[in-house]
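See below for the structure under consideration.
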Amino acid sequence: MKRKKLFIFLAIIAIAALSLIVNHFVRHTGEFIDGKFFWRGSYYHKIDLDSYEFKGFDKIEKTKNLDFNISAIEGDNEYIFLLLWDLTSNYLYVKEDYEIPTSGKVTSVYVAPIHKFEDKKFCEAIDDLLYGGFINDKRKKFIIKTDVMYQLAKEITLSFNDCPVGSEFVGYIGIINNKWVYILSKDIETDQNGNAIVMSYTCYIIDDYDKLPIIKEYVKTENHNVIIEK
């Protein structure tokens with residue numbers, strides 16, 4: 001009887017040890033090969049996008065050399081994107097055969113600093129604002145100069161066709177001189193050496209826009225008084 005119990009005990013220990021070994025090799029599968037990241041039979045390459053949400057740094061696995069943790073992106077159930085991160089940095093990777101959409105139906109709006117909103121009415125309002133012919137010569141506008149636009153208005157980035165990351169930076173929305181404005185582009189003035197010295201922005205007033213209430217609900221910002229260029 002004692003031998004039987006000893007045998008069962010040793011069998012349990014052996015199974016536990018084998019599970020730990022298997023778990024180690026299964027969970028440490030990602031590796032870098034020829035400048036790309038290889039994981040679960042697919043190659044990924046690094047991209048320079050920063051509009052996405054990750055699952056609270058919940059790690060799926062680790063790289064083989066243990067330099068990075070591997071996390072999934074929120075809403076990405078097919079692991080098209082991977083976040084590689086350590087305590088000081090993080091890098092976004094995408095499957096090499098996936099083409100990130102930069103047009104189509106707006107399904108998510110990222111409002112800096114990286115807040116993702118999927119409300120259908122808000123997405124439609126931003127879509128109409130950008131692509132519905134709102135910006136034209138008949139709209140009131142004014143020009144300001146600043147090199148800290150990110151402090152004056154919120155950066156807006158869009159995700160299309162249910163892509164789990166934002167791919168298209170489309171400008172800024174904010175309150176300048178007590179007016180809600182959309183800021184589409186900038187003109188950069190340079191010195192004789194070609195160095196940027198100041199940037200001019202055209203601000204399109206949107207206080208008469210019929211969907212401004214839904215924009216106000218999601219774009220939280222304060223008024224900034226700025227000198228208007230003549």
Side-chain angles (χ1 to χ4, degrees), residues 47-53 73-75 81 92 99-190 195-230:
I47 54 175
D48 187 21
L49 293 177
D50 57 11
S51 294
Y52 54 84
E53 291 186 349
I73 298 301
E74 192 70 43
F81 297 88
L92 187 65
E99 185 174 348
I100 301 173
T102 57
S103 63
K105 181 181 179 181
V106 178
T107 50
S108 299
V109 179
Y110 292 83
V111 181
I114 317 306
H115 292 299
K116 179 182 180 181
F117 301 108
E118 298 176 295
D119 180 87
K120 183 177 179 180
K121 290 184 178 180
F122 181 50
C123 290
E124 289 176 350
I126 295 297
D127 195 333
D128 289 346
L129 175 64
L130 301 179
Y131 307 113
F134 174 77
I135 300 301
N136 55 60
D137 292 339
K138 296 179 181 179
R139 296 288 174 175
K140 294 180 180 179
K141 58 188 178 182
F142 56 87
I143 297 174
I144 62 173
K145 290 187 176 182
T146 180
D147 57 0
V148 289
M149 177 53 68
Y150 63 92
Q151 296 181 5
L152 305 180
K154 299 293 186 179
E155 296 181 8
I156 305 297
T157 303
L158 305 182
S159 171
F160 300 94
N161 305 334
D162 296 314
C163 179
V165 304
S167 60
E168 194 74 6
F169 168 73
V170 291
Y172 305 83
I173 291 178
I175 309 173
I176 306 294
N177 297 339
N178 299 306
K179 297 290 185 180
W180 276 88
V181 296
Y182 170 59
I183 301 158
L184 175 63
S185 60
K186 62 187 177 184
D187 295 318
I188 302 176
E189 295 183 16
T190 60
N195 299 315
I197 53 176
V198 70
M199 289 174 280
S200 297
Y201 294 84
T202 300
C203 302
Y204 294 88
I205 299 174
I206 59 175
D207 57 359
D208 61 343
Y209 184 51
D210 61 357
K211 291 188 178 180
L212 183 57
I214 191 69
I215 292 177
K216 288 181 178 180
E217 184 177 340
Y218 287 95
V219 182
K220 303 297 184 181
T221 186
E222 299 179 355
N223 176 63
H224 296 275
N225 294 312
V226 182
I227 296 175
I228 297 176
E229 292 296 308
K230 301 298 184 180

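Just so you know, residue 1 is the first one in the sequence shown, and it goes up from there.
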Inter- and intrachain pairs under side chain to side chain donor-acceptor pair (under 3.5 Å), touching residues 152-167, at least two apart
none
What heavy-atom pair brings Lys141 and Thr202 nearest, and what distance separates the two atoms?
CD-CG2, 4.0 Å
Shortest non-hydrogen separation from Ile73 to Pro164 and the atoms involved
CG2-O, 3.7 Å
List in chain and number order the residues that pass side chain to side chain donor-acceptor pair (under 3.5 Å) with Asn225, two or more places apart in sequence or in another chain; answer none if no residue qualifies.
Asn223
Where at least one partner belongs to residues 107-127, residue pairs that pass side chain to side chain donor-acceptor pair (under 3.5 Å), sequence neighbours excluded:
Asp119-Tyr218
To the closest 0.5 Å, what do you measure between CG (Leu184) and CD1 (Ile156)?
12.5 Å
Within-4.5 Å side-chain heavy-atom neighbours: Ile227 and Ile144
no
Validation row: Thr221, Trp180 side chains within 4.5 angstrom (heavy atoms)
yes
Evaluate Val219 against Phe122 for side chain to side chain contact (heavy atoms under 4.5 Å, CB included), listing each step before the verdict.
CA-CA 10 Å; Val219 182; Phe122 181 50; 4.1 Å; yes
Roughly how far apart are Asp210 CG and Asp128 CG, rounded to 0.5 Å?
8.0 Å
Shortest non-hydrogen contact from Lys220 toward Lys216:
NZ-O, 3.8 Å
Working to the nearest 0.5 angstrom, can you tell me the gap between Leu158 CG and Ser103 OG?
11.0 Å
Of all heavy-atom pairs linking Leu92 and Leu49, the shortest is CD2-O, 4.0 Å
Could you tell me whether the side chain of Ile173 reaches within less than 4.5 Å of the side chain of Leu129, counting heavy atoms only?
yes
Heavy-atom nearest pair, Val226 first then Lys145, reads CG1-O, 4.5 Å
Tell me, please, which residues at least two apart from Lys105 pass salt bridge (Lys or Arg N to Asp or Glu O under 4.0 Å).
none
CD1 of Ile228 to CG of Asn177, rounded to nearest 0.5 Å, is 4.5 Å
Measure the spacing between CD1 of Ile100 and SG of Cys163 and express it to the nearest 0.5 Å.
6.0 Å
If you measure from OG1 on Thr146 to CE on Met199, what distance do you get to the nearest 0.5 Å?
7.0 Å
Passes ring-ring contact (aromatic ring centres under 6.0 Å, His included), Tyr204 versus Tyr201? Steps please.
CA-CA 10 Å; Tyr204 294 88; Tyr201 294 84; over 10 Å; no
What are the two closest heavy atoms between Tyr182 and Tyr172, and how far apart are they?
CD1-O, 3.2 Å
Tyr150 meets the ring pair (Phe, Tyr, Trp, His ring centres under 6.0 Å) criterion, sequence neighbours left out, with none
